[in-house]
Amino acid sequence: MSAETRPGTPVRPADTRGSASGRGLSRLDRDLRNALVLFAVSIVLIFASRGLGPGFGSLAQIKAILLISSFVMVVAFGQQMVVLIGGLDLSVASMMTLGGILAFNWIGDSSAALVWGVPAILLVTAAIGACSGIGISLLGVPPFIMTLAMGIMLYGATLGFTQGTPTGAASPMLSALFAPTAIGVPMLYLMVLFTLAGWFVQTRTAFGRRLYALGINPTAAYVAGLPVRRLTIATYAISGASAGLGGILLVGYVSGVTLMMGQSYLLPSVAAVVIGGTSIVGGRGIYPGAVAGAILLTTLSTIVSSLGIPEGWRTIIYGAVIFVALVLLRDDLQHLLGRRRRKPGKD
Amino acid sequence: MSVEAVNPRAGAMLRPEPWYRRMLGDGTTVIVAILVVLLVVFAATQSDALTQSVLTDILNNSLPLALAAAGGTLVVLTRGFDLSVAGVVSLTNVLVAVHAGDGPLGALQGLAVAVAVGALVGAVNGVLVAYWNLQSIALTLASMIVCSGAALLVLDAPGGNVSDFMVYDLTDRIAGTVPVALAVGVGVYAVWFLLRRTDWGIRLYAVGADETAAVLAGIPVRRTKVIAYVLAGICYGLAGFMLTALTATGTPNVGDPYLLLVFAAIALGGTSFAGGRGGVAGSMLGALTLTLLQKVLFSTGVSSFYTGIFQGAVMVLAVVIAAISARFSSQGEARS
């Protein structure tokens, strides 16, 4: 039975084959293939939507889709890192709101304040994320509960400190990231850079590789001498920082802030990670997959909502896509598709 | 091989532990202690705290969450997560608001619809998790989203028509003494009390504690899981039904807060998210605690803005206390 492998239980055969016998590369190939398929599906969807109405499949629409998906994409980076080690970060919504409120309040409409403001905000959100990590790794609180409680506390704190109405202004420099210039929209370049950087960190640095090891088998990682606690704390700090960054960027895009602004990004951040081929029990998945997942979800909801379909059906389609992705990513189906993979034994 | 061989509690049953170890090792003790403290503070800060009407009000307000948390607990005991609760509560809420008729018979009809829909969603979740090996968090995330979409199709704005019987009689006291909410809560617990003594109940704990061992012991793991998800869905449907009576209206996104609150209640109640340990009573008391906490914060004059900070802190505290106290009991050491 491999339904719910959690840290502490023996790993599935697929995982051990992937890591122990030097087949790591082929596993990455599979993840990359999934990511590319998702990108392709997004492109096909966009082109298929041509002719549905004016503006469908236009360059402007593609740009808009990419810009809207950038927030999910940034938040999903941290979420994915946490999922890679077998955790889950439910505090990203409140963390994103906090990042946005701080950007609104500390940076305001000053461009000079960006220089210290952005690093300061990222530091604050990383520190709060690290607190979750400490609770999880030192106190042994389950990630689900720790980040849920942290999210609830953060929401209460931001509500209390702002007394319900955040004050400040949106920085024009942040807004400029989303405005078209002679060479294109700056944010689009940042997205590409961010994707490559995230991918690099995961697959080409010791830190990244250790996260996979930790996710595949925490006990083995500990026995192998990995600093499991420090890795866990650092991962949740990264998740906090990337959710904070998502909040800062969102302030630039919408030029305003609300106390609920992060709420609508919690589930999409998990969904993008899941659709992108990341195993929710950890140890498998790469960032380009999550980026592709974010773009696919945004593409789909953009097209569907511009068709004038009632919101109920839009939501159902959204859920159905996650479901289809899950079924297609099933281990045994992947094994059937993969070369030289035998079917998993009866379970 | 007998079922007891894989039941971690079996050893403890054969050799009774000292009462203090049993008390400390049981997650429910922590939640009862917190509840008592909150009640004392509440009684001290609000003069009418212990009157029948205030207590009935608190029970009414916490019942839907308690029912939903009871359902969620069954899935958590199998080491799964069921996020579909938010969608099912919303969906059954609007369905009951639209389809329930007048009087007790009409309410019964609404109840039937709610329970049937909950059971259906639970069955789909359970079959896909148990037989298709889909990851429960991811799958139930999808089914939650689909259910909230369906809720929007039934009612795209708050509305519906809830009968007087549901609004007044179901939130009242039976014969002027026992609150209906208490009766329903105790009734659901009684069912659980009996169920956990059946083969299925024992298997549920075995599956959550060690699935591989359960398979080797010949336990029908998949069927056990499916039943857990179906019963959970039925509880969510009940929660949606009672919520409709409480709010007297159908609101398509009314279940959204339940996504997080249910897990908060389960954590408070001392059910282990690693599966196999805990129970429904703790979760229901956890739901009561969350509701009472809000009342206490209000009565002690804490700004409602800060409610969240306290809720989160109590959650972490409860889990940490439960973990520490579990170390005192041998049962806790064995499971660690």
| Rounded to the nearest 0.5 Å, what separation is found between the OG1 atom of A/T158 and the CD1 atom of B/I309? | 8.5 Å
| field | Which atoms of B/L141 approach chain A - backbone, side chain, both or neither, heavy atom under 4.5 Å | value | side chain
| query | Tell me, side chain or backbone of B/I266 under 4.5 Å from chain A's heavy atoms, or both, or neither? | reply | neither
| query | If you tally heavy-atom pairs under 4.5 Å against chain A, which of B/G87, B/A313, B/G308 wins? | reply | B/G308
| query | chain B contacts: which residues in residues 313-323 of chain A have a non-hydrogen atom closer than 4.5 Å to it? | reply | A/W313, A/T315, A/I316, A/Y318, A/G319, A/A320, A/I322, A/F323
| request: Please state whether the side chain, the backbone, both or neither of A/Q163 comes within less than 4.5 Å of a heavy atom of chain B. | output: both
| remark: Heavy-atom closest pair (B/F263 atom, A/I145 atom, distance to 0.1 Å) is O-CD1, 3.8 Å
| Portion of A/L88 that has a non-hydrogen atom of chain B nearer than 4.5 angstrom | side chain
| task | Quick one: pull up CG in B/L317 and CG in A/L139 and give me the separation to the nearest 0.5 Å. | result | 10.5 Å
| remark: Scored by heavy-atom pairs under 4.5 Å with chain B, the best of A/F161, A/F144, A/Y155 is A/F144
| request: Measure the CD1-CG distance between A/I152 and B/L261 for me, rounded to the nearest 0.5 Å. | output: 6.5 Å
| Considering all heavy atoms of both residues, which atom of A/S279 and which atom of B/Q135 are nearest to each other, and what is their separation? | OG-NE2, 3.3 Å
| Residue, of B/A142, B/S143, B/G149, that accumulates the most heavy atom pairs under 4.5 Å with chain A | B/G149
| task | Sort by residue number and list every member of residues 265-278 of chain A having a non-hydrogen atom under 4.5 Å from chain B. | result | A/L267, A/V270, A/A271, A/V274
| task | Taking all non-hydrogen atoms of both residues into account, name the closest pair between B/V316 and A/A149 and its distance. | result | CG2-CB, 3.4 Å
| message | For B/F310, is the CZ atom crowded, meaning more than 12 foreign heavy atoms sit under 6.0 Å from it? | response | no
